[in-house]
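What follows is a single structure, written as structure tokens, with notes after it.
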Amino acid sequence: MSEPLVLTSNAGAVRTLSLNRPAALNSFTTQMHAELMAELELAAGDDSVRCVVLTGAGRAFCAGQDLADPAVAPDPTPGAAPKDLGRMISTYYAPLVARLRSMPVPVVAAVNGVAAGAGANLALCCDLVVAGRSASFIQAFTKIGLVPDTGGTWLLPRLVGPARALGIALLGDKLPAEEAARIGLIWQCVDDAALPDTAAALASKLAAMPTRALVATRQAMAAAQNTDLDTALAEEARLQREMGNANDYREGVEAFRAKRAPVFKDR
Ligand code: T3D
């Protein structure tokens with residue numbers, strides 16, 4: 001039997017998913033898409049999982065679309081019909097972004113090496129991105145005549161502002177992890193050797209927090225990017241009403257008043 005293209009492991013309430021095509025820098029085939037989506041669905045539906053970590057096996061995080069895949073590689077035969085890349089995006093990459101952005105638990109990207117093309121934006125879709133110092137982010141699309149996908153056009157300007165976003169996307173240059181952290185593209189850059197422990201500690205911390213409040217915070221912040229202040233204030237009131245009715249709020253306040261650590265259970 002062939003090896004899974006997404007490896008899974010559990011540590012307490014944290015599930016780690018590792019993209020596993022190291023010889024091709026974990027670039028996406030349709031099979032890897034299917035396995036990743038299936039694992040994300042499993043994690044989403046499993047109440048014992050309170051945080052997901054996404055990483056890559058080997059020296060890369062993910063090099064984006066597998067450019068050797070006959071489904072997308074241009075056919076060199078003169079007169080051959082072009083491949084429908086729009087279909088690839090709407091069938092695979094767009095649902096992947098939607099799945100990640102609607103996960104019922106926080107998702108941490110542990111970027112262990114190069115993250116290029118759709119691989120870069122896959123990482124940036126996650127709630128917190130921590131990268132090893134030797135990692136880099138490359139909006140490789142323009143280098144091969146494409147536009148950013150996997151949410152890049154939406155994410156980049158929101159993360160680093162329109163001027164930097166356009167420069168990063170137009171030039172497609174390698175952005176080292178340290179620079180990515182400095183300009184606010186990612187949460188943190190750490191020494192390579194410290195990446196696994198740093199990501200694990202971050203994920204354990206998130207797993208022990210009130211999951212519903214974390215997820216509602218993600219959704220509210222994303223929604224507020226496209227609304228006016230009055231709409232954002234109304235949404236905050238709606239969400240706070242919802243949070244106020246949940247067990248985690250009662251537990252949080254009780255624990256604070258009793259000067260003990262809270263035990264959050266809602267999901
Ligand atoms: O097409 C559609 O469906 C539309 C959707 C598009 C989404 C996208 O992601 S488009 C962008 C696709 N990705 C890229 O353009 C990145 C291509 N890769 C690179 O530019 C470089 O490999 C890296 C900068 C990522 C890393 O460079 P380096 O020097 O560290 O490694 P390398 O030697 O280039 O690659 C190592 C191996 O991985 C090599 O194979 P080999 O020669 O050892 O057998 C290389 O071919 C393979 N590899 C790397 N990236 C890909 C890949 N194989 C297939 N597809 C890749 N994307």
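We count residues from 1, following the sequence as given. Both ligands and their constituent atoms are indexed starting at 1 by order of listing. Quick caveat, the model's predicted, so the values are computed rather than measured.
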Taking atom types as modelled, is there a side-chain donor on Asp46 or Ser48 under 3.5 Å from an acceptor on the other? yes
Contacts table for ligand 1: protein N or O within a distance under 3.5 Å of ligand N or O, distances only.
unit_1, atom_1, unit_2, atom_2, d
ligand 1, 9 (O), Gln65, N, 2.9
ligand 1, 9 (O), Ala118, N, 2.9
ligand 1, 13 (N), Ala63, O, 2.9
ligand 1, 30 (O), Arg59, NH1, 2.9
ligand 1, 30 (O), Arg59, NH2, 3.3
ligand 1, 31 (O), Arg59, NH2, 3.0
ligand 1, 55 (N), Leu67, N, 2.9
ligand 1, 57 (N), Ala63, O, 3.1
ligand 1, 57 (N), Gln65, O, 2.8

Does Asp192 pair with Arg133 as a salt bridge, N-O distance under 4.0 Å? no
Arg238 and Glu242 ion-paired at < 4.0 Å: yes
Assess, by modelled atom type and distance only, whether the side chains of Arg50 and Thr211 contain a donor and an acceptor separated by less than 3.5 Å. yes
NZ/NE/NH1/NH2 to OD/OE distance under 4.0 Å, Glu39 and Arg99: no
Between Asn20 and Leu7, is there a donor-acceptor pair closer than 3.5 Å when you use the side chain of the first and the backbone of the second? no
